[in-house]
Amino acid sequence: MTIGLLGGTFDPPHLGHLVLGECARVQLRLDRVYFMPAGDPWRKAGRDVASATDRLAMTNLAIAGNPHFSLDEREVERIGPTYTVDTLRELHGQGLDDIVLILGSDALADMPTWREPDVITALARLAVAPKGMDEGQQAWLAAQVGVDTPPALVEMPPIPVSSTLVRERVRDGLPIRYLVPEAVEAYIRERGLYR
């Protein structure tokens with residue numbers, strides 16, 4: 001079984017996350033895509049982040065209805081900062097050894113700062129959403145971060161939405177309809193998040 005692993009803070013999950021997961025699933029012939037919210041996102045230190053409980057709930061609501069998507073809670077359940085390399089080791093220990101790590105080009109560029117990036121690339125193949133970069137630029141970037149095999153390029157329509165944008169719009173009292181799934185929008189409103 002080939003799985004895709006799409007991790008992130010998901011604060012909140014938005015339509016871009018879902019489109020990336022589906023495009024990666026179809027193009028790379030993945031059997032399942034695991035959406036994995038970070039428990040204690042060390043890269044977000046110093047920034048207010050919604051609780052792990054809220055981010056898990058919103059991610060679960062966002063992926064509902066797609067039988068190929070699953071919520072994986074392991075990083076939220078882990079105590080302390082969560083690292084991709086630990087998660088990949090754990091998945092391999094469970095017999096899941098055909099893993100595609102789905103990233104944005106911004107995350108790929110940041111990979112040298114991650115814990116044990118060389119082990120990450122040994123444990124998983126990389127797939128990257130271009131975010132404005134062509135295949136040549138992706139290959140160049142992969143070489144800069146020490147990846148031997150250029151990552152697979154996930155073609156997806158440009159979706160100019162980010163979690164930051166969603167949070168800012170909520171804070172400013174602006175609508176977020178069509179930026180996040182309806183159930184996520186309702187959850188944000190009901191819980192009073194990002195105000």
Side-chain angles (χ1 to χ4, degrees), residues 1-39 41 43 55-78 82-111 114-133 135 138-139 141-142 145 147-159 161-163 180-181 184:
M1 180 161 90
T2 304
I3 66 162
L5 186 60
L6 181 54
T9 309
F10 298 119
D11 190 27
H14 55 70
L15 295 183
H17 294 129
L18 301 177
V19 172
L20 172 57
E22 183 66 4
C23 288
R25 183 191 71 78
V26 170
Q27 292 169 35
L28 304 174
R29 296 185 174 96
L30 305 174
D31 295 299
R32 182 155 296 284
V33 176
Y34 290 99
F35 283 72
M36 188 171 297
R43 294 174 65 215
R55 293 182 293 106
L56 273 175
M58 288 187 290
T59 304
N60 197 41
L61 290 168
I63 65 174
N66 187 325
H68 304 288
F69 288 174
S70 293
L71 178 67
D72 192 308
E73 300 180 16
R74 78 184 67 229
E75 289 200 351
V76 167
E77 293 170 352
R78 196 176 296 142
T82 52
Y83 300 99
T84 301
V85 68
D86 296 333
T87 299
L88 291 172
R89 283 185 175 120
E90 189 175 329
L91 289 167
H92 274 262
Q94 295 173 346
L96 295 169
D97 54 4
D98 191 7
I99 301 170
V100 176
L101 184 59
I102 305 166
L103 306 167
S105 55
D106 54 343
L108 180 65
D110 194 40
M111 189 175 273
W114 293 14
R115 179 174 281 185
E116 300 181 71
D118 54 330
V119 177
I120 291 172
T121 58
L123 294 175
R125 293 180 285 138
L126 302 182
V128 181
K131 292 190 180 180
M133 298 178 72
E135 207 164 330
Q138 290 287 345
L141 181 57
V145 298
V147 177
D148 292 333
T149 305
L153 188 63
V154 178
E155 296 291 341
M156 64 179 278
I159 300 178
V161 62
S162 68
S163 296
V180 298
V184 172

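Predicted model, so just to flag it, every value in this text is computed and none were measured. Position 1 is the first residue of the sequence; numbering continues from there.
Proximity of a side-chain donor or acceptor of Arg115 to a complementary backbone N or O of Thr82 within less than 3.5 Å is not detected. Within the 3.5 Å criterion, the main-chain N or O of Leu56 finds no donor-acceptor partner in the side chain of Glu73.
Taking 4.5 Å as the limit, every side-chain heavy atom of Thr9 sits out of range of all side-chain heavy atoms of Pro37. The closest side-chain heavy-atom distance from Leu5 to Leu88 is below 4.5 Å. A 4.5 Å side-chain heavy-atom check between Ser163 and His14 finds at least one atom pair inside the cut-off.
In plain terms, the two heavy atoms of Ala129 and Met156 that are nearest each other are CB-SD, 4.0 Å. Scanning all heavy atoms of the two residues, the minimum distance from Ala127 to Val154 falls at CB-CG2, 3.8 Å. Listed here is the closest heavy atom pair of Pro181 and Leu18: CG-CD1, 3.6 Å. Residues Ile102 and Gly4 approach most closely at CD1-CA, 4.0 Å, considering heavy atoms. Minimum interatomic distance between His17 and Pro12 (heavy atoms only, all atoms of both residues): CE1-O, 3.8 Å.
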**OP:** Under the side-chain contact (heavy atoms from CB on, under 4.5 Å) rule, what do Arg125 and Thr2 come out as? Steps first, then yes or no, please.
**Re:** CA-CA 11 Å; Arg125 293 180 285 138; Thr2 304; 3.5 Å; yes
Original post:
Step by step, would you call His68 with Val33 a side-chain contact (heavy atoms from CB on, under 4.5 Å)?
Top reply: CA-CA 6 Å; His68 304 288; Val33 176; 6.0 Å; no
**OP:** Assess whether side-chain contact (heavy atoms from CB on, under 4.5 Å) is satisfied between Leu6 and Phe69, documenting all intermediate values.
**Re:** CA-CA 10 Å; Leu6 181 54; Phe69 288 174; over 6 Å; no
**OP:** Could you give me the CA-CA distance, side-chain angles and deciding distance for Gln94 and Leu91, then say whether side-chain contact (heavy atoms from CB on, under 4.5 Å) is met?
**Re:** CA-CA 5 Å; Gln94 295 173 346; Leu91 289 167; 4.0 Å; yes
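When Thr87, Leu71, Ile3 are each tested for a side chain to side chain contact (heavy atoms under 4.5 Å, CB included) with Tyr34, only one passes: Ile3.
Atom CG of Leu96 sits about 12.0 Å away from atom CG of Leu123, to the nearest 0.5 Å. Going from atom CG of Leu126 over to atom CG of Leu153 covers 12.5 Å, rounded to the nearest 0.5 Å. Taken from CG in Asp31 to CG in Asp98, the straight-line distance is 8.5 Å, to the nearest 0.5 Å. Rounded to the nearest 0.5 angstrom, Met58 CE and Ile63 CD1 are separated by 13.0 Å. Taken from CE in Met36 to OG1 in Thr84, the straight-line distance is 9.0 Å, to the nearest 0.5 Å. Note that CE of Met111 and CG of Asp118 are 10.5 Å apart. Values are rounded to the nearest 0.5 Å.
In this structure, Phe10 and Phe35 have tilted ring planes: the angle between them lies in the 30° to 60° band.
The salt bridge (charged side-chain N to carboxylate O under 4.0 Å, His left out) test applied to Glu90 returns Arg74, Arg78, not counting sequence neighbours.
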